[in-house]
Amino acid sequence: MQEEDKKKPLSKEAFVAMLEKVAFFLELEGADPFRVRAYEEAKRALQASEVDIGDIAQDKAKVKGIGKHIQELIREYLATGGLGLLEQLTQKYPVSLLELGKIPGLGIKKIKALYDALKVSTPEELRYAIEENRLLGLEGFGIKTQETLLKHLFLYEERLGAVLLPTGDAIWKTLQDGLQERLPEVRLFPAGELRRRCPVLAGIDCLAVASDPALLWKALDEPFPILNDVVKQADEAIVGKGDGGVRVALTSVSARSFPTRYFFTTGSSSHVEEITRRLGAGGYSMAPEGIHTHGEEKPVELRSEEEIYALVGLPWIPPELREGLVEFDPAVLKNLPDLVSQSDIQGALHVHTRFSDGMDELEAMIAHARSLGLAYIGISDHSKSAYYAGGLTQEKLFEQKKQIEGLREDFPEIRIFHGIESDILPDGSIDYDEAVWKQLDFIIASVHSHFQMDKTAMTERVLKAIRNPYVTILGHPTGRLLLAREPYAIDLEAVIQEIARLGKAIELNAHPQRLDVDYRCATTLLASGVFVSINPDAHQRSGLTDIRYGVDVARKAGLPKAHILNALTACEVGEFFMRQGL
DNA sequence: GCCGTTTTCGGCCCGACTGTTTTCAGTCG
């Protein structure tokens, strides 16, 4: 039994993590690839499903992808907290090999070769072996492979301890619930990157306002869920590690110093610097413990962050915006009341179904969108060139169209748009032809292959695609996967300008691993006046609510409601679509 | 290991790129 696994409480997540390990080590052993895939599929199926694993164990529920054997594994897990199969597998190979699997360029075969020949089993050992040029002696490894691996190792190390926003939210929630249970009178606040809703978090900073900090530390003496490797720092902060190895810091502050501490801890540093500069110009000096009028010993009495901003004649600036990018721009400040918010979102465009690589049926996706109160949904499965994602042949696309026409009658409360997410082919063309395009409500054009083109060629490719009169939205404009894949080279500014000129929309893909287009494009997005569509890119029902992360990022870019395509009503979006292809 | 109903065995996504080769293996999306 893996000790680390056994300690954790029984949960679907923990079981899913075990399935992932089983698949990895089976593949390492050279098991039948389809058997390996069955475990991977089971993992995906469980993650996508809302069914409780207890119900599967007791035959009360059935999930596609979970057969007799994995049902047995669930029973074993629920009874013992572990899996004999995994125990067997990890006796032959060190568990740390899983870590090597996170380094791009290293697949199972290379990992096995590295371990069998060189006993390399951790990223650190890999770095050492590369520095000693020991990989060159292995079959299939050459100088280029070594160089690429070294490059990826740097990126891997950079990402260590960094987590995506949903993980940050989950850690925060566990921390908050747990502490609140032990100490109901303590008030807790997320600060730092979490409060600024940064797509990638290097740390999670929280503040606690407690009448007696000693009680707080005492409550934390007992082992605490999600907070591992705890070290106490000075008297006022406790620092540990959360899931993904991310640094978690909880700082105790007094009620009196809270407003300034909250402001300081929230950051960003460039935002804090600018406010400090303005305070200095206005005759104040600023420190985390409080703000002083020049020459005065006693700090200015402050009850809220609003009052800090008021001292320099600014409205309260929402934390998402505090990146030192556009928030001091008078036009942005003027638009603050209209900054897009979750309640402005009227519909979800860019939704996949089981027609291509989605996990849920067309009808289930529509029903879920309706239950979320959305006024419209835009179905856009993959186009035929996306083989790997089960892209739709023309016949399948028309079959889907027919089904949608039927469903429009079953779901009168929600408008259903039928579109496609078409691959942008290397020459900038898109799938199908005009006769097909004409029959769709909208087309999202996205790059899914040939990422390695140079910047000029890639920019030309994308420009050509969006100039196709039938293309409505450019999907995930840089193709990046946060903490996993770098963006491809592209002149985004030129692309944004062109989309704006054409009166089309750019996607802000709200999948937490994409959040693409990046908020750092704020200046260009705002100045161009381009429509931004905050799309869930949902591959299952639960993916629809990812839109909230997109809203966070849109707010970071200072985008007002008027910039957001899916803040329009169903009728207005319908008209917007009608204008394309003319 | 899972699925399916032309099924209880046979099929399960596949093309492109990279780097290593000298005809292909590994990785990726």
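A, B, ... follow the sequence lines: proteins, then strands. Residue 1 opens every chain. In what follows, every heavy atom counts, from backbone to side chain, and hydrogens, waters and symmetry copies are set aside. Just so you know, these numbers come straight off a predicted model, no measurement behind them.
Applying the side-chain hydrogen bond (donor to acceptor under 3.5 Å, both in side chains) rule to A:Tyr39 yields the partners A:His69; only residues at least two apart in sequence or on another chain are considered. In terms of the side-chain hydrogen bond (donor to acceptor under 3.5 Å, both in side chains) criterion, A:Lys68 has no residue partners (sequence neighbours excluded). Qualifying side chain to side chain contact (heavy atoms under 4.5 Å, CB included) partners for A:Asp433, counting only residues two or more places apart in sequence or in other chains: A:Ala435, A:Val436. Not a single side-chain hydrogen bond (donor to acceptor under 3.5 Å, both in side chains) links A:Asp410 to another residue, sequence neighbours left out. With sequence neighbours excluded, the residues satisfying salt bridge (charged side-chain N to carboxylate O under 4.0 Å, His left out) with A:Arg541 are A:Asp360. Scored by the side-chain hydrogen bond (donor to acceptor under 3.5 Å, both in side chains) test, A:Lys102 finds A:Glu99 as partners (sequence neighbours excluded). Under the rule for a salt bridge (charged side-chain N to carboxylate O under 4.0 Å, His left out), the partners of A:Glu399 that lie at least two apart in sequence or sit in another chain are A:Lys396. Every residue meeting the salt bridge (charged side-chain N to carboxylate O under 4.0 Å, His left out) condition with A:Glu132, not counting sequence neighbours, appears here in chain and number order: A:Arg134.
In a base pair of the Watson-Crick type (N1 to N3 plus N6-O4 or O6-N4) or a G-U wobble (N1-O2 and O6-N3), with each distance short of 3.5 Å, B:dT8 is matched with no nucleotide.
With both ends at atom P, the span from B:dT27 to B:dT21 equals 15 Å, rounded to whole Å. The C1' atoms of B:dT8 and B:dG1 are separated by 15 Å, rounded to the nearest whole Å. Rounded to the nearest Å, the gap between the P atom of B:dT22 and that of B:dC28 is 24 Å. For B:dT23 and B:dG29, the C1' atoms lie 25 Å apart once the distance is rounded to whole Å. Going from the P atom of B:dA25 to that of B:dT20 covers 16 Å, rounded to whole Å. The gap from the C1' atom of B:dG10 to that of B:dG15 amounts to 24 Å, rounded to the nearest Å.
Among the atoms of the strands shown, only primed sugar atoms or phosphate atoms (P, OP1, OP2) are found under 4.0 Å from some heavy atom of A:Gly105. If you check every strand for non-hydrogen atoms under 4.0 Å, A:Pro104 touches sugar and phosphate atoms only.
Between B:dA16, B:dC28, B:dC2, one nucleotide has an atom nearer to the side chain of A:His450 than all others, and that is B:dA16.
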Please table the atom pairs, donor to acceptor, closer than 3.5 Å between any side-chain atom in residues 46-61 of chain A and protein atoms at least two apart or in another chain.
unit_1, atom_1, unit_2, atom_2, d
A:Ser49, OG, A:Val51, N, 2.8
A:Asp52, OD2, A:Gly54, N, 3.0
A:Gln58, OE1, A:Lys60, NZ, 2.9
A:Asp59, OD1, A:Gln71, NE2, 2.8

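The shortest side-chain heavy-atom distance between A:Arg197 and A:Arg555 does not fall under the 4.5 Å cut-off. Side-chain contact between A:Asp431 and A:Gln394: absent, with no pair of heavy atoms (C-beta onward) separated by less than 4.5 Å.
Atom CG of A:Leu481 is separated from atom P of B:dG29 by 7 Å (rounded to the nearest Å).
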Please list each protein N or O that sits under 3.5 Å from an N or O in nucleotides 10-12 of chain B, with the distance.
unit_1, atom_1, unit_2, atom_2, d
B:dC12, O3', A:Arg37, NH1, 3.2

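Within residues 108-135 of chain A, the residues that place at least one heavy atom under 4.0 Å from DNA chain B are, in residue-number order, A:Ile108, A:Lys109, A:Lys110. Of all the residues in residues 139-156 of chain A, A:Gly140, A:Phe141, A:Gly142, A:Ile143, A:Lys144, A:Thr145 reach under 4.0 Å from DNA chain B with at least one non-hydrogen atom.
Between A:Pro426 and A:Leu138, it is A:Pro426 whose nearest contact on DNA chain B lies nearer the 5' terminus. Comparing A:Ser449 and A:Val63 along DNA chain B, the residue whose closest nucleotide (by nearest heavy atom) sits nearer the 5' end is A:Val63.
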Legend entry - From CA spacing to verdict: ring-ring contact (aromatic ring centres under 6.0 Å, His included), A:His382, A:His448: CA-CA 10 Å; A:His382 286 283; A:His448 285 123; 5.1 Å; yes

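Between A:His448 and B:dG29 there is no side-chain polar atom (N or O) within less than 4.0 angstrom of OP1 or OP2.
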